[in-house]
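This is a predicted model, so every value here is computed, not measured. Only heavy atoms go into these numbers, but all of them, side chains included; no hydrogens, no water, no symmetry mates.
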Amino acid sequence: MIVATCHDSVNALQGLASGESIPAPSPFDRAEWYALLAGTGLAPLIAIASDGDGQAALALTEKAGRIAPLRNWYSFTWRPLAPPGEPGDRLLTEIARQLKARGHRVTLAPVPEEDGSASRLSEAFRSAGWRVEVTRYDINHVLHLRGRSFAEYWAGRPGRMRTTLKRKARKVETRIIEHFDAELWDAYERIYAASWKPQEDFPEMLRDFARAEGDAGRLRFGMAWHDGEPVAAQCWTVENGTAFIHKLAHLESHRHLSAGTTLTAGLFEHVIDRDRVATVDFGTGDQPYKADWMEEIRPRYQIDCLDMGRARGWIDLARLTARRLASPRVPELAPAPPAG
């Protein structure tokens, strides 16, 4: 017998999303991450199903009858927390069935497919009686090293990048650390505030995240100086063979130094040759500079689940259909990434 329950605290994820019972493939799948999100003011709706042998969960939030992932724009992905295979699928279907009592629409994004998450969630909600619409939400730039060293990887970068590094690298001093340093983080925040980047929504959340990742040995923090002044900074983390590029910024006033390029190259060398990662993940977004560093693109999907037994479900379906008239392409689910 499967029992499904909903909770208003991320404490319900302890143990389940700690990597003990269900592996956490990224920083965004751990109970600690969801606790940071709740600390920003998001109201958790943690839906859990258990059959005595295993558990599955969806970390969600709810507002005005609409249910969405517990996430913010710092999250690269959102996925279900469930055991693999048919046992986990049954648990997810029961969660989807129980969510009908909570709202008329569930919108899940950005969901990956290289691990089957998008297909799995779509099927679970269809099986539970929801009308499911899957559309492209965003893209993810990624690099699969396939055993290459940094030198081998760098030889394949665009010639202008390699020339820039050769000409500009001596103009800045760089340092990469694997622990949290409050003074350096203060300098990063000053650089970010003076950069081209939009204002941070929750800088304290990022600081707390970096501090925790440093304590766990997963942080890779880089900074570049020119004449003793911090001019560029980046925050990466490393786990499960993947390097995640979270934040990067440089002073626009020192753009001519190409300190960001020098620092990025240094961090790539660090995670490739020292950490021996297999993958580098540049998060979501199609900024042109990401294509210079990355080699592949993975789609991220939005899964809209509508309860057609409610009038509001039909209203939202009409709105979705109207959008389709302007953009009728409904992409196929992404294929699995090449082995490597």
Side-chain angles (χ1 to χ4, degrees), residues 1-63 65-72 74-103 105-130 132 205 209 212 239-240 300-305 307:
M1 177 180 177
I2 299 176
V3 177
T5 56
C6 289
H7 308 263
D8 61 3
S9 171
V10 293
N11 291 338
L13 292 172
Q14 293 297 332
L16 178 67
S18 65
E20 297 172 5
S21 58
I22 299 173
S26 81
F28 318 109
D29 303 295
R30 294 198 302 265
E32 295 87 352
W33 179 257
Y34 292 117
L36 289 172
L37 290 168
T40 68
L42 291 172
L45 170 63
I46 308 301
I48 295 179
S50 173
D51 62 2
D53 295 322
Q55 284 186 309
L58 299 182
L60 305 163
T61 188
E62 177 184 13
K63 185 177 181 180
R66 292 187 58 171
I67 298 168
L70 182 63
R71 64 171 294 270
N72 61 18
Y74 300 139
S75 308
F76 292 10
T77 54
W78 182 91
R79 54 166 59 86
L81 306 171
E86 192 272 338
D89 294 342
R90 288 190 293 105
L91 294 171
L92 290 174
T93 298
E94 186 58 32
I95 290 174
R97 185 174 292 114
Q98 293 298 322
L99 285 175
K100 280 193 169 185
R102 302 294 301 235
R105 181 173 178 179
V106 179
T107 301
L108 308 173
V111 182
E113 174 59 14
E114 62 269 11
D115 63 353
S117 289
S119 296
R120 196 178 199 196
L121 284 167
S122 300
E123 182 56 34
F125 277 84
R126 286 192 186 100
S127 297
W130 296 79
V132 176
M205 174 186 169
F209 171 69
E239 65 179 291
N240 297 325
R300 296 292 177 250
Y301 291 97
Q302 176 168 307
I303 304 169
D304 276 297
C305 311
D307 182 359

How far does [atom1] of [X] sit from [atom2] of [Y], to the nearest 0.5 angstrom?
{"X": "N11", "Y": "I46", "atom1": "CG", "atom2": "CD1", "value": "9.5 Å"}
{"X": "I67", "Y": "R105", "atom1": "CD1", "atom2": "CZ", "value": "12.0 Å"}
{"X": "I2", "Y": "L91", "atom1": "CD1", "atom2": "CG", "value": "5.0 Å"}
{"X": "S127", "Y": "L92", "atom1": "OG", "atom2": "CG", "value": "10.5 Å"}
{"X": "T5", "Y": "E94", "atom1": "OG1", "atom2": "CD", "value": "10.5 Å"}
{"X": "L37", "Y": "F28", "atom1": "CG", "atom2": "CZ", "value": "10.0 Å"}

Answer yes if the side chains of E113 and S119 hold a donor-acceptor pair under 3.5 Å, and no otherwise.
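Side-chain D/A pair, E113 to S119: present.
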Tell me yes or no: between the side chains of W33 and S75, is some donor less than 3.5 Å from an acceptor?
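Side chains of W33 and S75: pair found under 3.5 Å.
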Return the minimal non-hydrogen interatomic distance between [X] and [Y], and the atom names on each side.
{"X": "R300", "Y": "P110", "result": "CB-CB, 3.8 Å"}
{"X": "A57", "Y": "L13", "result": "CB-CD2, 3.8 Å"}
{"X": "A56", "Y": "I95", "result": "O-CD1, 3.6 Å"}
{"X": "A118", "Y": "I303", "result": "O-CD1, 3.6 Å"}
{"X": "V10", "Y": "A35", "result": "CG2-CA, 3.7 Å"}
{"X": "L99", "Y": "A47", "result": "CD2-CB, 4.2 Å"}

Heavy-atom side-chain proximity of [X] to [Y] below 4.5 angstrom:
{"X": "T40", "Y": "Y74", "answer": "no"}
{"X": "C6", "Y": "Q98", "answer": "no"}
{"X": "S26", "Y": "R79", "answer": "yes"}
{"X": "V106", "Y": "L58", "answer": "no"}
{"X": "S122", "Y": "Y301", "answer": "no"}

Is the number of heavy atoms from other residues, nucleotides or ligands within 6.0 Å of CG (N72) greater than 12?
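Count over threshold, so yes.
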Applying ring pair (Phe, Tyr, Trp, His ring centres under 6.0 Å), name anything that partners W130, two or more places apart in sequence or on another chain.
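By the ring pair (Phe, Tyr, Trp, His ring centres under 6.0 Å) rule, W130 matches F125.
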Is the backbone of A43 close enough, under 3.5 Å, to the side chain of T61 for a donor and an acceptor to pair up by distance?
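Yes: the side chain of T61 pairs with the backbone of A43.
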Okay, side chain of D51, backbone of G54: is any donor-acceptor separation there less than 3.5 Å?
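It does hold such a pair.
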Run the numbers on Y34 and L42 for side chain to side chain contact (heavy atoms under 4.5 Å, CB included), then give the verdict.
CA-CA 10 Å; Y34 292 117; L42 291 172; over 6 Å; no
According to side chain to side chain donor-acceptor pair (under 3.5 Å), does anything in residues 80-93 pair up with another residue at least two apart or in another chain? List the pairs.
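Non-adjacent pairs meeting side chain to side chain donor-acceptor pair (under 3.5 Å): E86-R90, D89-R120.
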